[in-house]
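In the text below, chain A, chain B and the rest are named by the order of the sequence lines, each starting its count at 1.
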Amino acid sequence: MALTLYNSLSHAKEPFRPLRPDAVGMYACGPTVWDFAHIGNARMVVVFDLLYRLLRHSFRTVTYVRNITDVDDKIIDAARRNGEAIDALTKRTADAFHAHMAALGALPPTIEPRATEHIGEMVAMIQALIAKGHAYEAQGHVLFAVQTDTHYGHLSRQTQEGILEGARVEVAPYKRDPADFVLWKPSTGDQPGWDSPWGRGRPGWHIECSAMAERYLGETFDIHGGGRDLIFPHHENEIAQSSCAHGGKPLARTWVHNGFITVRGEKMAKSVGNIVTVNDLLPRYDGETIRLTLLSAQYRQGLDWTDDAVEQAKKSLDRWYRAAGNARPAATVDATFLAALEDDLNTPEAFARLHGLADAALAGDASAAASLKASANLMGVLDKDADAWFRAVPVGTGKDQIEGLIAERTAAKKSKNFAEADRIRKLLLDQGIVLEDAANGTTWRRSS
RNA sequence: GGUCGGGUGGCGGAGUGGCUACGCAGAGGUCUGCAAAACCUCGUACACCGGUUCAAUUCCGGUCCCGACCUCCA
């Protein structure tokens with residue numbers, strides 16, 4: 001069984017064949033570091049992390065590039081609002097991003113380039129586009145001339161007329177064509193800027209990804225991805241810039257886009273006031289639980305974020321941890337599970353298989369337990385000891401205290417003082433501790 | 001208006017031209033001093049209308065809804 005991915009370019013699932021047999025290059029559009037990552041950002045990271053892990057499972061070398069956008073008008077605005085220096089804001093936000101994504105079990109990408117460290121590459125690419133007649137300078141701006149790219153609109157299946165009909169923004173007067181977009185724009189004295197052949201300025205949004213992808217992955221690479229909303233205009237423009245700079249060569253062969261998250265049925269937006277950040281969730285839920293929730297729907301589908309969805313994910317993890325116990329992961333991943341993931345990352349199907357393995361493991365099949373662990377590990381979950389999972393110490397309760405109460409209760413039970421035994425059970429339950437009596441003694445776990 | 005995606009049982013969510021997805025919740029049961037966990041059993045589904053077919057939730061056409069994007073939002 002081999003990996004199949006839905007390619008946004010062809011609108012079909014395709015067998016994945018890398019350009020080079022044993023090395024894969026993948027680029028995903030990373031965060032603009034102006035505020036905490038929300039669960040939408042997190043979904044993209046977790047989905048591409050899963051794809052990264054799956055690729056590493058099958059190919060010797062996988063180069064995963066995920067950028068950090070640290071120059072952007074949203075950053076300038078946020079810094080001004082906060083009364084904070086721009087570099088302080090971007091550092092603080094990038095650090096938080098790293099901590100939050102690590103909590104979700106996302107591996108660091110192979111390379112994480114920052115836009116501000118690649119201005120030279122961007123200027124060079126813009127110069128190449130001007131030299132080839134695909135871009136022009138106007139009033140301190142450099143613009144990409146979409147008319148010069150006959151393939152423009154291919155990814156989003158839009159005609160240039162169609163794009164313009166729905167335009168919501170006033171067209172700048174210096175544009176030759178209303179659909180032209182900015183490659184470089186002038187900066188005022190208080191805005192971040194770099195010297196360039198067109199004066200002091202800063203890059204437009206799209207050029208950084210084209211320039212950094214070229215630098216680290218070459219002119220054409222295997223997979224490019226991001227959230228669905230990036231298809232237009234961001235990815236469309238990246239394709240235009242890169243392929244025009246590279247004599248028509250394609251930018252990426254497979255385009256992967258993840259679906260959006262809604263919160264209790266509504267679009268997540270500042271204006272609705274329902275933004276859920278990873279920072280908000282981590283005190284309430286284990287990062288692993290959040291990760292599993294993000295994977296509970298197939299990545300191209302929408303995902304509605306509700307407390308109930310998170311609770312369900314937690315229950316699945318409880319069950320898998322109970323079934324896997326402290327088994328050592330098997331050397332190989334379960335074939336049925338792998339086949340589900342290789343079918344365009346069908347995580348719900350993969351979950352079903354894990355539940356099946358858990359059934360077998362609970363019935364006493366040790367190899368199923370080992371396989372469950374190895375398989376779930378590939379997905380980036382179930383990598384703790386069961387003890388660590390169930391006995392993370394609740395606030396205000398010490399392990400010694402719990403063990404002491406259990407001993408008291410065991411003594412009470414022995415003398416048939418069930419009222420006292422039940423009193424202790426209740427006492428601990430009120431502190432979030434569930435006791436489980438088994439033939440070989442009493443164990444405890446946290447209840448939530 | 002253009003482009004794209006979707007409507008599955010109480011809920012979440014896969015998939016398929018005929019055979020139980022899976023999970024959660026619910027009902028009953030086994031076990032248990034009581035619980036928990038585990039196990040067993042049970043129920044309800046494929047938006048609507050046509051068509052193709054021996055057979056459609058699955059294919060085709062139409063209708064109705066919902067969502068995303070249409071110049072910088074993952």
Side-chain angles (χ1 to χ4, degrees), chain A residues 8 11 28-32 37-48 69 72-74 144 146 153 155-159 161-172 175 178-182 185 204-206 225-234 236-237 257-262 265-270 275 293 296-298 300-304 306 308-316 318-319 322-323 340 343 346-356 358-359 362-364 413 416-419 421-422 425-426 429 434-439 442-445 447:
Chain A
S8 304
H11 292 247
C29 291
T32 300
H38 59 242
I39 50 175
N41 305 115
R43 185 184 197 192
M44 179 255 142
V45 170
V46 167
V47 163
F48 284 90
T69 299
D72 181 274
D73 288 0
K74 277 203 302 294
F144 184 90
V146 297
L155 177 68
S156 58
R157 302 213 165 178
Q158 296 260 73
T159 60
E161 299 71 46
I163 290 165
L164 295 176
E165 273 176 30
R168 295 181 296 197
V169 171
E170 269 184 65
V171 177
K175 288 187 180 181
D180 290 352
F181 57 90
V182 170
K185 57 182 161 189
W205 177 35
H206 317 294
R228 207 192 193 56
D229 58 321
L230 295 183
I231 290 174
F232 191 89
H234 185 53
E236 195 74 75
N237 291 354
H257 292 101
N258 63 275
F260 260 48
I261 288 187
T262 50
E266 276 191 298
K267 179 180 174 168
M268 190 166 54
K270 276 248 154 74
I275 302 267
T293 310
S296 64
Q298 202 269 351
R300 284 189 284 121
Q301 305 302 335
L303 174 65
D304 192 36
T306 61
D308 190 52
V310 188
E311 292 299 335
Q312 281 205 29
K314 195 198 161 298
K315 282 178 182 174
S316 291
D318 280 345
R319 182 175 159 79
R322 193 168 282 125
D343 180 14
N346 191 336
T347 46
E349 190 90 38
F351 283 19
R353 178 55 178 169
L354 294 185
H355 281 294
D359 287 341
L362 287 165
K413 272 174 59 178
K416 307 274 186 208
N417 184 355
F418 295 120
D422 289 346
R425 177 191 289 291
K426 177 73 167 47
L429 186 61
V434 176
L435 299 185
E436 300 190 347
D437 293 336
T442 300
T443 57
W444 64 272
R445 61 180 170 85
S447 66

Categorize Ser296(A) for me: base, sugar-phosphate, or nothing, with a 4.0 angstrom heavy-atom threshold over every strand shown.
sugar-phosphate
With rounding to the closest Å, how many angstrom separate the C1' atoms on C54(B) and G13(B)?
32 Å
Would you say Lys315(A) reaches A25(B)'s phosphate, i.e. side-chain N/O to OP1/OP2 under 4.0 Å?
yes
Within the 4.0 Å heavy-atom criterion, would you say Lys426(A) contacts the bases, only the backbone, or no part of the nucleic acid?
nothing
Is Lys314(A) close enough to G12(B) that one of its side-chain N or O atoms is under 4.0 Å from OP1 or OP2 there?
no
For Arg445(A), report the nucleic acid contact type (base, sugar-phosphate, nothing); a contact means any heavy atom under 4.0 Å.
sugar-phosphate
Can you find a side chain N or O atom of Arg319(A) that sits less than 4.0 Å from OP1 or OP2 on C39(B)?
yes
If you look at every strand shown and take non-hydrogen atoms under 4.0 Å, does Asp318(A) touch a base, only sugar-phosphate, or nothing?
nothing
Within less than 4.0 Å of OP1 or OP2 of U71(B), is there a side-chain N or O belonging to Asn237(A)?
no
Answer with base, sugar-phosphate or nothing: what part of the nucleic acid does Gly259(A) contact at a heavy-atom distance below 4.0 Å?
base
Under the 5.5 Å and 30° test, is Phe351(A) stacked on the base of G23(B)?
no
Base C4(B) paired with Arg228(A) side chain (donor-acceptor, <3.5 Å):
no
Have a look at His11(A) and say if it touches a base, only the backbone sugar-phosphate, or nothing, with a 4.0 Å heavy-atom cut-off.
sugar-phosphate
Just to be sure I understand the rule, does Ala297(A) reach a base, reach only the sugar-phosphate, or reach nothing, if contact means heavy atoms closer than 4.0 Å?
sugar-phosphate
With a cut-off of less than 4.0 Å, is there a side-chain N or O of Lys416(A) near OP1 or OP2 of G33(B)?
no
How is Leu429(A) classified with respect to the nucleic acid when contacts are heavy atoms under 4.0 Å: base, sugar-phosphate, or nothing?
nothing
Assign Leu230(A) to base, sugar-phosphate, or nothing according to its heavy-atom contacts below 4.0 angstrom with the strands shown.
sugar-phosphate
Classify Gly40(A) by what it touches in the nucleic acid, base, sugar-phosphate, or nothing, heavy-atom distance under 4.0 Å.
base
Please classify the nucleic acid contact of Asp73(A) as base, sugar-phosphate, or nothing, using heavy-atom distances under 4.0 Å.
nothing
Give one of base, sugar-phosphate or nothing for His355(A), where a contact means two heavy atoms less than 4.0 Å apart.
sugar-phosphate
Distance check, C1' atoms only: C24(B) and C72(B), in whole angstrom units.
40 Å
Have a look at Ile261(A) and say if it touches a base, only the backbone sugar-phosphate, or nothing, with a 4.0 Å heavy-atom cut-off.
base
Take the protein atom CG of Leu435(A) and the nucleotide atom P of A36(B), then report the distance between them rounded to whole Å.
12 Å
Could you tell me how far C65(B) sits from A36(B) if I compare only their C1' atoms? Round to whole Å.
45 Å
What nucleotide among C70(B), G33(B), C72(B) has an atom nearest to a side-chain atom of Trp205(A)?
C72(B)
Candidate nucleotides G23(B), A68(B), A37(B), ranked by approach to the side chain of Ser316(A) - the nearest
G23(B)
Heavy atoms from C-beta onward define the side chain here; which of A37(B), G33(B), G23(B) lies closest to that of Gln312(A)?
G23(B)
Base, sugar-phosphate, or nothing for Asn346(A), non-hydrogen atoms under 4.0 angstrom?
sugar-phosphate
Each stem that RNA chain B is part of, given as range with range (3 or more consecutive Watson-Crick or G-U pairs, under 3.5 Å)
B:1-7 with B:64-70, B:10-12 with B:22-24, B:26-30 with B:38-42, B:47-51 with B:59-63
